[in-house]
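The structure under discussion appears below in the form of structure tokens.
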2 protein chains.
Amino acid sequence: MNTSPAGEARPAAGGERLFGIGAAAERAGVSQRALRYYQQLGLITPQGRTPGGLRRYSQEDLARVARIRQLQTLLGLNLDEIALVLRSEDRMAEIRLAYHAERTTCAERRDLVRESLELQQELRSTVESKRLGIEGFLTDLDARIDRTRGLLEQMTAPAAPGPEPASRSVVGH
Amino acid sequence: MNTSPAGEARPAAGGERLFGIGAAAERAGVSQRALRYYQQLGLITPQGRTPGGLRRYSQEDLARVARIRQLQTLLGLNLDEIALVLRSEDRMAEIRLAYHAERTTCAERRDLVRESLELQQELRSTVESKRLGIEGFLTDLDARIDRTRGLLEQMTAPAAPGPEPASRSVVGH
DNA sequence: TTTAACCTTAACGTCAACGTCATGTTTTTG
DNA sequence: CAAAAACATGACGTTGACGTTAAGGTTAAA
């Protein structure tokens, strides 16, 4: 990671402020290399370039990077799978816009929407199962923690006043 | 992955049936290489070996492999982190047994228990945040799915009978 | 006992997701 | 405008988690 002093946002004329790759990387919490790599894989395209060829990232771009990271770390998808998801989402937005403008419903687009819906539902089911898994893991872990706490209590307070050796609930210290 | 015909369990004498690495791998849903690799990293040690040196896995071993996979795929931990978790769990079980046998509470062990508790709590917090993240992701995804469904409906049924163009709920097909 | 199936260790290969130069360009700052 | 800071492209390096031979031993079945 670079030790650059946090480059500023550059307002051009319209008002949408853009970031150089350094500032963008810092804000997104990834390396510059990662940003270039994502671009190479077609995951993002910085909103523009300076006349000299330097990348300029918009906040929208940054949000996209955040989404990439989310899909990566939360769901454990690899970058190819992420590309699929993002492309599908992009197509949806595009179609939505087109539909909003001209009210034409051509069958080709309908099929694309159907396709997107299926992918979303597939994604949903994998995420749901992941949620269940994590939930199960958590309750199990809580049980373990309870037991560990119990043991620790027993070890620290050896003289028990009450004559009940078979208790198993948390007292909420 | 091997195309071996699903080796059988080998009952020795006591009754605890053991599996060769092929059968173990198949049951655990990992490759033989993975099992050896886990062993190399100290994550598992097959319960025993044949006189000739072949690994024998118990069901307990298989459960351990399942836990490794769980920590890997569900939480996204790497094998080094998994090693830490498992070692801590092992120490806990050991101490629990020792405490059960001789009632002695030496300070050294108490500290280990405390240490384990802290690790468990740390793990819990990361898992909890992961759960929250996934939950958020899911509700967001559900909203997206809703919107996609809505668009699809609009595109398939263009002739609207009722004069209300601003509806936004699911009808539950 | 002789296979055939299964297993051993050792060593090199692979693949994703970047990290890390090297070298030259662009932009910003004083 | 000159130096400093930020960036571009290209190419090679790294790391984790295995995959894949290679060259043999072990075990179960016939």
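Proteins get letters first, then strands, A, B, ... in listed order; numbering begins at 1 in each.
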Please confirm whether the backbone N or O of Q47(B) pairs with a side-chain atom of D61(B), one donor and one acceptor, at under 3.5 Å? yes
Do the side chain of R144(B) and the main chain of E89(A) share a donor and acceptor less than 3.5 angstrom apart?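 Looks like no, no N/O pair under 3.5 Å.
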Can you tell me if the side-chain N/O atoms of R36(B) get under 4.0 Å from OP1 or OP2 in dT8(C)?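 Checking dT8(C) against R36(B), a side-chain N or O does come within under 4.0 Å of OP1 or OP2.
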How close or far is atom [atom2] of [N] from atom [atom1] of [X], stated in whole angstroms?
X      : N       : atom1 : atom2 : value
Y37(A) : dA8(D)  : OH    : P     : 18 Å
I21(B) : dC7(C)  : CD1   : P     : 7 Å
Q32(A) : dT20(C) : CD    : P     : 12 Å
R55(A) : dT25(C) : CZ    : C1'   : 13 Å
R27(A) : dA6(D)  : CZ    : P     : 14 Å
L54(A) : dT9(D)  : CG    : C1'   : 12 Å

Between the side chains of E128(B) and R124(B), is the shortest nitrogen-to-carboxylate-oxygen separation below 4.0 Å, so that they form an ion pair?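 Yes, charged N to carboxylate O under 4.0 Å.
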Is a salt bridge present between D90(A) and R87(A), judged by a nitrogen-to-oxygen distance below 4.0 Å?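 Salt bridge: no.
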Just jot down the side-chain contact (heavy atoms from CB on, under 4.5 Å) partners of R96(A), sequence neighbours excluded, or say none.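 If we apply the side-chain contact (heavy atoms from CB on, under 4.5 Å) test to R96(A), skipping adjacent residues, the hits are M92(A), R147(B), T148(B), L151(B).
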What pairs with R109(A) under side-chain contact (heavy atoms from CB on, under 4.5 Å), at least two apart in sequence or on another chain?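 Listed in chain order: I95(A), A98(A), E102(A), T104(A), C106(A), M155(B).
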Kindly indicate, with the supporting measurements, whether the criterion side-chain contact (heavy atoms from CB on, under 4.5 Å) is fulfilled by L152(A) and R149(A). CA-CA 5 Å; L152(A) 191 60; R149(A) 262 209 200 101; 5.6 Å; no
Please list every donor-acceptor pair under 3.5 Å in which a side-chain atom of residues 69-85 of chain B meets a protein atom from a residue at least two apart or in another chain.
residue: R69(B); atom: NH1; partner: Q72(B); partner atom: OE1; Å: 2.7
residue: Q70(B); atom: OE1; partner: R67(B); partner atom: NH1; Å: 3.2
residue: T73(B); atom: OG1; partner: R69(B); partner atom: O; Å: 3.1
residue: N78(B); atom: OD1; partner: D80(B); partner atom: N; Å: 3.0
residue: N78(B); atom: OD1; partner: E81(B); partner atom: N; Å: 2.9
residue: E81(B); atom: OE1; partner: N78(B); partner atom: N; Å: 2.9

Whichever of G53(A) and G53(B) has its nearest DNA chain D nucleotide further upstream toward 5': G53(A)
Taking the nucleotide of DNA chain C with the nearest heavy atom to each, does G52(A) or A34(A) sit closer to the 5' end? A34(A)
Residue list, side chain to side chain donor-acceptor pair (under 3.5 Å) with E94(B), at least two apart or on another chain: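 Listed in chain order: nothing, the list is empty.
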Which residues in residues 38-51 of chain A have at least one heavy atom lying under 4.0 Å from any atom of DNA chain D?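 Correct list: R49(A).
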For DNA chain D, which residues in residues 69-86 of chain A have a heavy atom at a distance below 4.0 Å? none
For the side chain of R33(A), counting heavy atoms from C-beta on, which of dG19(C), dG16(D), dC7(C) is nearest? dG19(C)
